[in-house]
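Heads up: the structure comes next, in structure tokens.
Each chain gets a letter, A, B and so on, in the order the sequences are listed, and its residues count up from 1.
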Amino acid sequence: MSKIANKRKKKTKGKMKMKTEKGIGGGVFCKLYGDTVRNRVLEHFLANYETDFAAPDVAAEKEASKPQTYLIIEDLVKEGILIKSRMVGRTQLYKLNRKNKMSIFLLNNFEKSLKTVFDDDVKENSFHSTGSSRALAMSAKHC
Amino acid sequence: MNVVLKQLTRTLAAGKKFGENHTPEHQLLTRRTKYMNKNERKEFEEEYENLIKKGIILREKKRTGKNADWHISLNNHFKKEIEEIIRL
């Protein structure tokens, strides 16, 4: 090993990596519409549409980076899905804009995605893409 | 029921945190109770403890990298009651 690499190794030996608590990450909404950071942020505000949150709290809960969440929230505010609610000290809090048509549409979709968690009958009635056509063909033959 | 508690159960349900699929409790609660008044926080804590007593929210101490932390998850046996709490 070179001398520089050995020096670097010695410096990092004594440092303890601070372990941060894990968040929840993506949920049912992200599984349906894609597990991206934007969808995670949207899901957070849809699930908690009654109250307002700061960007760092959203980033920590959804296991995303702070700069990325700030950018996404700015885009969502420009689109009108989120609004700035209040300032607490120097932190800006954001909230879902319930007067926007897009946010109402997203809320309805989120509600339907939540129901899939509780519906046990979904698995029984679901058609698998590979077997559905065969099943229909077999049933048609017998009839 | 307290609005923040509804949201908490909704986020746990959306993340499919049932039974052994649990999350740490401390940061989850602090993020939501940061900007609340004293009275609101008291109400939230009382109703939160009621839900734990009923068994809807499971709270156990789990071993983590450092020592042990309190983790929470929803109870599978109370799905109907959770669904009523969560309604948008």
Side-chain angles (χ1 to χ4, degrees), chain A residues 16-32 35 39-40 42-63 85-89 91-96 98 104 106-120, chain B residues 1-19 21-37 40-41 43-44 56-57 61-88:
Chain A
M16 293 286 287
K17 286 187 181 178
M18 295 296 290
K19 287 188 180 178
T20 54
E21 275 189 3
K22 281 190 178 179
I24 289 175
V28 179
F29 186 80
C30 290
K31 280 188 181 179
L32 286 171
D35 193 7
N39 285 342
R40 287 188 184 186
L42 266 175
E43 189 182 20
H44 181 84
F45 282 105
L46 289 170
N48 306 293
Y49 69 93
E50 290 115 335
T51 55
D52 44 9
F53 286 87
D57 295 332
V58 177
E61 189 158 322
K62 292 296 170 183
E63 296 178 356
S85 62
R86 56 182 170 136
M87 290 282 286
V88 178
T91 54
Q92 178 67 57
L93 301 180
Y94 301 93
K95 201 176 178 179
L96 190 76
R98 292 171 70 182
I104 293 165
L106 287 167
L107 256 180
N108 290 329
N109 284 341
F110 177 73
E111 191 181 359
K112 286 175 186 174
S113 65
L114 256 187
K115 283 183 182 178
T116 58
V117 175
F118 297 98
D119 287 336
D120 294 328
Chain B
M1 167 141 312
N2 193 2
V3 173
V4 180
L5 241 186
K6 273 190 186 180
Q7 292 172 0
L8 216 186
T9 50
R10 210 179 289 147
T11 50
L12 289 171
K16 288 193 177 180
K17 300 292 176 183
F18 288 92
N21 191 2
H22 47 76
T23 53
E25 180 198 38
H26 181 65
Q27 288 288 333
L28 245 186
L29 296 181
T30 49
R31 276 178 220 131
R32 282 150 206 287
T33 57
K34 250 192 221 181
Y35 307 112
M36 287 165 85
N37 300 328
E40 289 173 351
R41 208 174 285 171
E43 281 182 26
F44 173 79
I56 294 170
I57 292 175
K61 216 166 191 182
K62 300 284 180 183
R63 283 188 180 179
T64 57
K66 290 180 185 178
N67 284 322
D69 294 327
W70 288 100
H71 284 231
I72 54 170
S73 64
L74 296 171
N75 198 342
N76 268 317
H77 299 293
F78 292 97
K79 271 193 173 179
K80 287 184 182 178
E81 293 173 5
I82 291 164
E83 205 176 348
E84 286 175 10
I85 292 167
I86 288 171
R87 273 182 198 167
L88 291 171

Could you give the distance from CZ (B:Arg31) to NE2 (A:His44), rounded to the nearest 0.5 Å?
8.5 Å

With heavy-atom distances below 4.5 Å as the criterion, would you say the side chains of B:Thr11 and A:Glu61 are in contact?
yes

Counting C-beta onward and ignoring hydrogens, is there a side-chain heavy-atom pair between B:Tyr35 and A:Asp52 closer than 4.5 Å?
no

Where B:Lys79 and A:Val117 come nearest, the two heavy atoms and their spacing
NZ-O, 3.7 Å

Scanning both residues in full, the closest heavy-atom pair of A:Ala47 with B:Arg10 reads O-NH1, 2.6 Å

Please classify the contact of A:Thr91 with chain B as side chain, backbone, both or neither, using a heavy-atom distance under 4.5 Å.
side chain

Partner of B:Arg32 by side-chain hydrogen bond (donor to acceptor under 3.5 Å, both in side chains), out of A:Asp57, A:Thr51, A:Asn48
A:Asn48

Which bit of B:Lys34 comes within less than 4.5 Å of chain A, counting heavy atoms only: side chain, backbone, both or neither?
side chain

